[in-house]
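Written out below as structure tokens is the structure these notes cover.
Below, read A as the first sequence line, B as the second, and so on, with proteins coming before strands; counting in each chain starts at 1. In what follows, every heavy atom counts, from backbone to side chain, and hydrogens, waters and symmetry copies are set aside.
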Amino acid sequence: MSDHDDLDAPATTSIDLIDEAKLLLIDGHSMAYRAFFALPVENFATTDGQPTNAVYGFTSMLINLIRDEKPTHVFVAWDRSGPTFRTEQYAAYKGTRSASPEEFRGQVPLIHEVLGALNIPHLGIDGIEADDILATITDHAERRGAEVLVCSGDRDTFQLVSDQVTVLYPRKGVSDLARMTPAAVSEKYGVPPQRYPDLAALVGETSDNLPGVPGVGPKTAAKWITTYDGLDNVVASADAITGKAGESLRTHLAQVIMNRQINGLLRDVETALTLDDLARVPIDREAVHQVFDALQFRVLRDRLLQMLPEDEAAAEDVEDLALTVTDLAPGALGGWLAERAGQELGLDVAGKAVQGGGDAWAVAIADDGGTSVAIDLATVENADLDALGAWLADPAAAIAVHDAKATSHALSGRGLTLAGVTLDTLLAAYLCHPDQRTYDLGDLAVRYLQRELPSGVDAAADGMLDIGLDGDPFGGRAAAARAVAVHELAEPLRTDLASRGATALMGQVELPVLATLVGMERAGIAADVPYFSGLESEFDAAVERAALGAYEAIGHEVNLGSPKQLQEVLFVELDMPKTRKTKTGWTTDADALADLFARTEHPFLGNLLAHREAIRLRQTVEGLLKSVAPDGRIHTTFQQTVAATGRLSSTDPNLQNIPIRTAEGYRIREGFVVGEGYEGLLTADYSQIEMRIMAHLSSDEGLIDAFQSGEDLHRYVGSRVFRVEPAEVTSAMRAKIKAMSYGLAYGLSAFGLSKQLSISAGEAKGLMDDYFERFGGVRDYLTGVVDEARGEGWTSTILGRRRYLPDLTSDNRQRREMAERMALNAPIQGSAADIVKVAMIGVTSELERRDLGSRLLLQVHDELVLEVAPGEREEVTELVREQMAAAADLEVPLDVSVGFGRSWRDAGH
DNA sequence: CATCGGACGTA
DNA sequence: CGTACGTCCGATGC
């Protein structure tokens, strides 16, 4: 291909065949407009309210096309506003089109930015429509032997279709594209592509406001065009055509002729573009990150980066660094490490993380010089293994690693202990961006280093820390690449942590608690399998009973687990009053069913509710039984980087949502028992920690007094609000106060309070006013916390853990108010999380210091569960009380209650 | 086969 | 129109 062959150069000059070329030509306006209507605008907007649905749909379509079609050249043509040669010819052209909505027009410049970042040429020409530009390029490329894909929602482009040219025409939305080949056009319209404009001229095109011949549809038009061999001959023979249609044609001949003039696409538009200009070039990565960050297109960015061929990877690639993997002579590891004493080294382990003991097959270590060593654990010499083990277990050896918890589990499978972690890049990323969902190492490399990991390295499967690259069976090379990335990330992440005031949180809280979590996950909690099995059959029978009762009540069977079928039964068959609306109908949740039951007393409802409860309990027990490990214990995974407020969460199985409220559910706790060799389970929980934090943060004298008085909190607050003696606070009053106190920490409104307590809006409002009158400090605090967060951009906990809430300044009321409730709750929930974490660290270290055999097993937000070694009950009870109470210095005391027993149920209180 | 929404368990 | 989670299931769309 020559360097400069202008598109408008005479096509008769020597034509180089470029039959390897495949062009993707897109009508930008038409596809963006389709995307705008295909995707609901309310679901696509940046946090500051900029709509992005058209940008998203267009970009998504573009990425898919590039991925699936692998074009060698890509180009986007735009319409310009203003008159075109067609409107000059026919003033009403496209006259029926309403002006595009403001929300759409604002997105076109954003699409330009995306195309700029992707280095995709795009162009609009005054007075010319996008399809004419596309037709010109198509014509030229076709003559040079190239294959062309034209993506447009305008049917006029069908005239371009040939053996080499396919039009991709959106069927619905922008992802479902019909491939209009010559055969497809002929089949659909009964004429070959080059005659499609003939047909359109007769039939008319509503979207262009071109009227056709009344009474002539595609069938008649195709018949004429075929019979008379083209529109010219149809026109010439108009007098010979009989019938109503012929008559109609004769009266509309002028319109038909003009239609044909207008719908023919230009093929000789002058542009300065050459085919070479359209050839794909590597994207501008920096710009892509900037633009996609600004548009908040995380998933799309991942899809884009994933699709790019490796040869587009930046020259300065982690892969290159990883290639400097040093082959150490057997026995040399100890020396290599000794030479690097004092350096913080990057670590990565290829292996599998299992809480009870995983497996590791390769270890890689990266140093300050950008080189790394990889150790194959299957073939490693004893001397090297010893050196490795000593280094890993040395608390003084500084190690940076991504996901130290999983790494510890993998290493433990080989009997190795990980001790000296000075930075976990996963935790660091979480502290810096607590609202993100995932923190893949590859993403961090992109974000902080502007680099990509070699492909395959970051595609870790479930529970797998690494997978081997091609020709890298033991995973050492992949691990080396990751170790280098981790090592390089240490500095920028530390800087970021410091700038966010999170350095101490990392060093004093998250890293130490991580070590505690490793022990808790490894320990697990003993399960009484026969008990669970018995419970399972019992719940199973209850499910059966309730189902039969429900079927009997309505005279037929129904899937009780299907909200859709339930709606049919309740609201159609039984004609019950409608409940609250959901997106898909009317709710059938427990509250609504209980309400319906109260009103109708229909036996179906009672059985349905009983079925719901029983099936859920059975499910819970089944799940627990499935997760009992060979050691007879259940090892949950505590997620340390999931909850935006700083809490832990528990998965696989979730041991933080084991039932406690209902008597039946509570029985499940009896299956969590003390393990062999231990004396019992001890539970310790903070009472009313969130309200205590509220008292502390608000410095409200009344609330602080409440906690110092020793009086029951809600009774005390109730006596103030209702202006009665504490003894005169009725249980109804107390319940209202309790609901309100806790609701305040969640951003509860008077409306919400009235609904929850089933009282009038007026009464709820009065209750809140009275509350705030007596506890003005609370009100001041709550308004202050939102104001401050709006100004700063984030909320803070007592340990400085931030939550970023950009939506506080959103124009969208719903988003803004949601952010305000988050701002109210985050400091309270987050401070509680901080305190419990500090307590866990204190308990663990004190148990260790005193060389006790008791151990921490679970954390349930404000509760700790320990397994107590024989003879340690008293000491551990004291120790736990002390450590938990001392975890924070608040203006109110932290009250801890402790229980002890053989099962979690017995230990509860 | 993957994803979404409803429902519901915990704090 | 009260926060934070995880899990299950049926329905839906690829």
Side-chain angles (χ1 to χ4, degrees), chain A residues 43 64 172-173 175-176 299 434-435 437 559-567 579-593 608-609 611-613 615-624 626-627 636-639 641-662 664-666 668-669 685-690 739-757 761 764 768 782 795 803 805 813-814 817-830 832-833 836 858-864:
Chain A
N43 294 0
N64 286 344
K172 57 171 196 199
S175 51
D176 183 12
V299 177
D435 272 286
R437 272 214 202 88
N559 185 345
L560 297 171
S562 162
K564 209 181 159 192
Q565 294 185 34
L566 286 178
Q567 285 174 42
T579 55
R580 177 169 51 82
K581 280 268 213 178
T582 66
K583 279 183 187 170
T584 53
W586 293 281
T587 184
T588 64
D589 69 20
D591 274 354
L593 294 182
L608 175 57
L609 284 165
H611 184 262
R612 283 253 175 94
E613 188 187 10
I615 209 163
R616 175 142 195 106
L617 293 171
R618 184 183 64 181
Q619 238 166 242
T620 304
V621 174
E622 268 176 9
L624 290 172
K626 272 187 218 151
S627 47
T636 185
T637 302
F638 287 104
Q639 303 293 343
T641 60
V642 166
T645 52
R647 273 192 179 177
L648 299 176
S649 73
S650 160
T651 60
D652 196 22
N654 181 355
L655 295 185
Q656 290 180 324
N657 72 342
I658 302 302
I660 190 167
R661 286 172 200 184
T662 66
E664 285 297 289
Y666 197 46
I668 293 177
R669 296 193 169 219
D685 61 46
Y686 285 115
S687 52
Q688 294 141 345
I689 188 167
E690 295 197 338
M740 179 149 68
S741 288
Y742 280 101
L744 288 177
Y746 300 147
L748 186 71
S749 63
F751 179 88
L753 184 66
S754 73
K755 275 206 84 171
Q756 198 202 315
L757 294 176
M768 283 185 96
L782 292 175
T795 61
R803 179 168 188 188
L805 296 165
R813 197 181 104 177
Q814 200 178 331
E817 291 181 343
M818 182 73 183
E820 285 169 0
R821 293 192 295 273
M822 290 173 174
L824 291 172
N825 177 251
I828 296 171
Q829 190 184 119
V836 178
L858 301 177
Q859 186 252 48
V860 191
H861 308 308
D862 67 357
E863 172 188 8
L864 300 180

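- Candidate nucleotides C:dG2, C:dA4, C:dT7 were compared by shortest atom distance to the side chain of A:N825, and C:dA4 ranks first.
- In this structure, A:L748 places its CG atom 14 Å from P of C:dA4, rounding to the nearest Å.
- Using a 4.0 Å heavy-atom distance criterion, A:Q619 is classed as a sugar-phosphate-only contact.
- When the P atom is compared between B:dG5 and C:dC1, the two are found 16 Å apart, to the nearest whole Å.
- Within the structure, a side-chain polar atom (N or O) of A:R821 is placed less than 4.0 Å from OP1 or OP2 of C:dT3.
- Among the atoms of the strands shown, none is found under 4.0 Å from any heavy atom of A:A745.
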| Under the side-chain contact (heavy atoms from CB on, under 4.5 Å) criterion, do A:H861 and A:Y686 qualify, and how do the steps go? | CA-CA 9 Å; A:H861 308 308; A:Y686 285 115; over 6 Å; no

Q) Hey, mind stepping through A:L858 and A:F638 against side-chain contact (heavy atoms from CB on, under 4.5 Å) and telling me if it holds? A) CA-CA 9 Å; A:L858 301 177; A:F638 287 104; 4.1 Å; yes

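- Annotation: the span from A:I668 atom CD1 to A:L624 atom CG amounts to 7.0 Å, rounded to 0.5 Å.
- A:T587 comes within contact range of the sugar-phosphate backbone alone, with a heavy-atom separation under 4.0 Å but no base atom that close.
- Put simply, CG on A:L624 is 12 Å from P on C:dT7, counting in whole angstrom units.
- Contact check, A:T645 against C:dA4: no side-chain N or O comes under 4.0 Å of OP1 or OP2.
- Side-chain proximity of A:S562 to the nucleotides C:dA11, B:dG9, B:dA7 is greatest for C:dA11.
- Atoms CG (A:D591) and P (B:dG9) sit 10 Å apart, rounded to a whole Å.
- Within the 4.0 angstrom heavy-atom criterion, only backbone atoms of the sugar-phosphate kind lie near A:R803; the bases stay farther away.
- As rounded to whole Å, 14 Å separates atom C1' of B:dG6 from atom CG of A:L608.
- The side chain of A:N559 lies closest to C:dG10, out of C:dG6, C:dT3, C:dG10.
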Check: Would A:L560 and A:L566 count as a side-chain contact (heavy atoms from CB on, under 4.5 Å) if you check the C-alpha gap in whole Å, the side-chain angles of each, and the deciding distance to 0.1 Å?
Finding: CA-CA 7 Å; A:L560 297 171; A:L566 286 178; 4.2 Å; yes

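- When rounded to the nearest whole Å, the span between CD of A:Q565 and C1' of C:dA11 equals 11 Å.
- No hydrogens or angles were tested; on distance alone, nothing pairs the side chain of A:Q656 with the base of C:dG6 as donor and acceptor under 3.5 Å.
- Between the C1' atom of B:dC8 and the CD1 atom of A:I660 lies a distance of 16 Å, rounded to the nearest Å.
- Taking atom CD on A:Q859 and atom C1' on C:dG6, their separation rounds to 15 Å, with Å as the unit.
- As judged by a 4.0 angstrom heavy-atom cut-off over every strand, A:A590 is placed among residues touching the sugar-phosphate backbone only.
- Considering only the side chain of A:P659, B:dT10 comes nearest among C:dT7, B:dT10, C:dC5.
- Evaluated for a side chain to side chain contact (heavy atoms under 4.5 Å, CB included) with A:Q829, the options A:I689, A:T645, A:L824 yield exactly one hit, A:T645.
- Of the listed nucleotides (B:dC8, C:dG2, C:dA11), C:dA11 has the atom at the smallest distance from the side chain of A:K564.
- Checking A:H861 against A:E817, the closest nucleotide of DNA chain C that is more toward the 5' end is the one next to A:E817.
- Candidate nucleotides C:dG10, C:dC5, B:dA11 were compared by shortest atom distance to the side chain of A:R661, and B:dA11 ranks first.
- Residue A:R612 places at least one side-chain N or O closer than 4.0 Å to OP1 or OP2 of B:dC8.
- The residue A:E690 sits apart from the nucleic acid: no heavy atom pair falls under 4.0 Å.
- Between A:R647 and A:E690, at least one side-chain nitrogen of the basic residue sits less than 4.0 Å from a carboxylate oxygen of the acidic one, meeting the salt-bridge criterion.
- Straight-line distance from the CG atom of A:L655 to the P atom of C:dG6: 13 Å, rounded to whole Å.
- Along DNA chain C, the nucleotide closest to A:G561 and the one closest to A:V642 are compared, and the more 5′ of them pairs with A:V642.
- Remark: A:T588 is not in phosphate contact with B:dG6, judged by side-chain N or O atoms under 4.0 Å from OP1 or OP2.
- Heavy atoms of A:I658 sit under 4.0 angstrom from primed sugar atoms or phosphate atoms, though from no base atom.
- Interatomic distance, CD of A:Q639 versus CG of A:D652, reported as 9.0 Å (0.5 Å rounding).
- Remark: the A:R647 side chain and the B:dA11 base include a donor-acceptor N/O pair separated by less than 3.5 Å.
- Listed nucleotides: B:dT10, C:dC1, C:dT3. Nearest to the side chain of A:F751: C:dC1.
- Among residues two or more places apart in sequence or in another chain, the side-chain contact (heavy atoms from CB on, under 4.5 Å) test is passed with A:A819 by A:D807, A:L808.
- In terms of phosphate contacts, A:S749 brings a side-chain nitrogen or oxygen within less than 4.0 Å of OP1 or OP2 of C:dG2.
- Among the atoms of the strands shown, none is found under 4.0 Å from any heavy atom of A:M740.
- Put simply, the side chain of A:N654 and the base of C:dG6 share no donor and acceptor less than 3.5 Å apart.
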